[in-house]
Number of protein chains: 2
Amino acid sequence: MTRKRLTREESRDQTRQRLLDAALALIAQKGLAATSVEDIAEAAGYSRGAVYSNFGGKGDLFIELLRRDHQQATAEFDAVFDDALPIAEIRERMRELYVSLYADTACFMNWTEARMLAARDADFRDKFAALISEKCGQVAGYVGYFYQRLGVEPPASPEVIAMGFMSLMEGVKLFMLSSPLEMRAQHAEAALAVFMDSITELATLKSTP
Amino acid sequence: MTRKRLTREESRDQTRQRLLDAALALIAQKGLAATSVEDIAEAAGYSRGAVYSNFGGKGDLFIELLRRDHQQATAEFDAVFDDALPIAEIRERMRELYVSLYADTACFMNWTEARMLAARDADFRDKFAALISEKCGQVAGYVGYFYQRLGVEPPASPEVIAMGFMSLMEGVKLFMLSSPLEMRAQHAEAALAVFMDSITELATLKSTP
DNA sequence: GCATCCTAATACACACCTGTATCTGAATAC
DNA sequence: GTATTCAGATACAGGTGTGTATTAGGATGC
C-alpha cells in the first residue's frame, strides 16, 4: 500500500496508458469497428468522458496506440543494434527480439487492422505511412548490415528485401491465425525456413564460388 | 430489347448474383462492419427485404460471396491444369491466371477481411476453413506437380511450400495496398522475385550438381 | 381467369453508438 | 483555507443499424 500520490500529470498519463492498454486488447479481439468508445473506457475502468478528454476520439486513440507500440518496438530494436557487439551476438539477440515480437498476437492483429484501414482510407494511410516508413528503414538497415558483413551483393536493395521479409512474416502469421488447422506453428516455421534458407544459402553459395 | 422473360428461379438467382456483386464491391471498399445490409441492397437496386429473403443475413451473404469467388477461381484453375498440355504451356497459362487473380483488389480485400474475421471468430473460422483447405490443396497440387516434373526433391512438403507461397503473395499485396508509397508495384515484383528466384534457382542448382 | 404462391417492399420495435455540453469533485495555487 | 483549474462522469440529442412481421403484386398452376 505504498502507492505514491500522483501528480495531475502522472495521473493523466496513467489514464491514457490504461485506456491504450484496454484498446489494444479489445481492438485486437473484436476489431476496430466493433469496439465502441464505451467498451474501451469501461474495460479501462473509466467512463466515455475519459476517452474524449484524452483523445480526439476512437480513431485518434487507435493511431496513438500504433504510435506507442512502434516506439516501444523501436526502443527494443535500437538496444540490439549496437555496433560494438560482435555480429553473432547481434544476430542472436535479434532473433530473440523477433521471436518475442512475432509471438505478440494482439499487436499483430492491430497492425493488420491498420493495414486494412490504410488500404481503404486515404487520410489514415498518410498517418500510417509515417510509422511504416520508419519501421521499413530500421529493418532495411539491419538487412543491409548483414549483407555487408557477409560481403555478398544483396539480390535486391535492402529496402526491397526488408519489405519482402516483413510481408512474408505478416502473411504467414495471418494465415496461421486465420487457418490454424492448415497452417500449424510447425508449418509456419517450415515455410519461413524454406524462403529464408533459400536466400541465405544462395547468398552463401555465391560468396564462395 | 429481346430480354427473355425470366422464370422465378432465374429471377431469384439474378437477384442473388446482383446482391453478391454489390456486396463484393462495397465490402472491399468499406469493410464488412461498415457496410450495412441497406447499403448492399440499395447498391444492387433492391431493398433490405431482398437480402433477408435471399440470405440469412449479412454474415451469411459474406460467406456465400467467398464461396462464389472460390468456385470461380477453382473453375479457372482447373481449366489450366490439364495434363495433356505441355509443361511450358501450363506454366504460361498459370502465370497469366495468377496475374489476373492478383490484380483483383476487391476480391483480395474480401479474403483478407475474411482472414481477420476467421482469426477472431471461431464459428466463422470453421466455415472459412473448408474454403481455404480446398484452395491449399489446389496450390499444393500445382507445386508438387512442378517439382516432380523438375525431378527435384522439394525443400519441404508441397502443402507447406504452397502455404508459404500464398502467405508471401498476400503479405506483399496487403503491404502494397496499405503502404503504396513504400511498396510500389516494381518493389513488390522485385521482392517476390527475390524469394521465388532463390527457391527456383536453388532447386535448379541442386538438380544439376 | 381465378386462386395460390413466393419474392421483395415496407413498417415497426428495439438496440447501440457518437459527440457535445454540462456538471462534480479532487488537485493545485496563493 | 479559499479560489481556481482540470480530469473525468453524466446527460442529452441525433443518427444508424438490425431483424422480424406484415403487406403488395407479379409469377405459376389449374
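Chain naming here is simple, since letters A, B, ... match the order of the sequence lines and numbering starts at 1 in each.
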Subject >> Set of residues satisfying side chain to side chain donor-acceptor pair (under 3.5 Å) with respect to B:E134, sequence neighbours excluded >> reply: B:H70
Original post:
Which pairs, with at least one residue in residues 117-132 of chain B and sequence neighbours excluded, count as a side chain to side chain donor-acceptor pair (under 3.5 Å)?
Top reply: A:E113-B:R120
**OP:** Please list residues of residues 51-61 of chain B whose heavy atoms come under 4.0 Å from any atom in DNA chain D, ordered by number; otherwise none.
**Re:** B:Y52, B:K58
**OP:** Can you sort out the partners of A:S167 under side-chain contact (heavy atoms from CB on, under 4.5 Å), two or more places apart, ordered by chain and number?
**Re:** B:V172, B:F175, B:M183
**OP:** For DNA chain D, determine which residues of residues 16-44 of chain B have any heavy atom closer than 4.0 angstrom to one of its atoms, and list them numerically.
**Re:** B:S36, B:V37
Original post:
Could you give the CZ-to-C1' distance, from B:R12 to D:dA27, as a whole number of Å?
Top reply: 14 Å
**OP:** In whole angstrom, give the distance that lies between atom OH of B:Y46 and atom C1' of C:dT7.
**Re:** 10 Å
Original post:
Heavy atoms, side chains only, cut-off 4.5 Å: are A:V80 and A:E96 in contact?
Top reply: no
Original post:
Once you round it to whole Å, what is the distance between P of C:dA27 and CD of A:Q14?
Top reply: 13 Å
Original post:
Can you check whether A:S11 has a side-chain N or O nearer than 4.0 Å to OP1 or OP2 of C:dA27?
Top reply: no
**OP:** Please examine the side chains of B:M116 and B:L32, heavy atoms only from C-beta on, and report whether any two atoms are closer than 4.5 Å.
**Re:** no
Original post:
Any cation-pi pair here, A:K173 with A:W111, using under 6.0 Å and within 45°?
Top reply: no
Subject >> side chain to side chain donor-acceptor pair (under 3.5 Å) pairs, two or more places apart, involving residues 17-29 of chain B >> reply: B:Q17-B:R68, B:R18-B:Y46, B:D21-B:R68
Subject >> Closest to the B:S47 side chain, choosing from D:dG8, C:dA9, C:dA8 >> reply: C:dA9
Original post:
Under a 4.0 Å N-O cut-off, is there an ion pair linking A:E64 with A:R16?
Top reply: no
Subject >> Nucleotide D:dT22, atom P - distance to CZ of B:R48 in whole Å >> reply: 16 Å
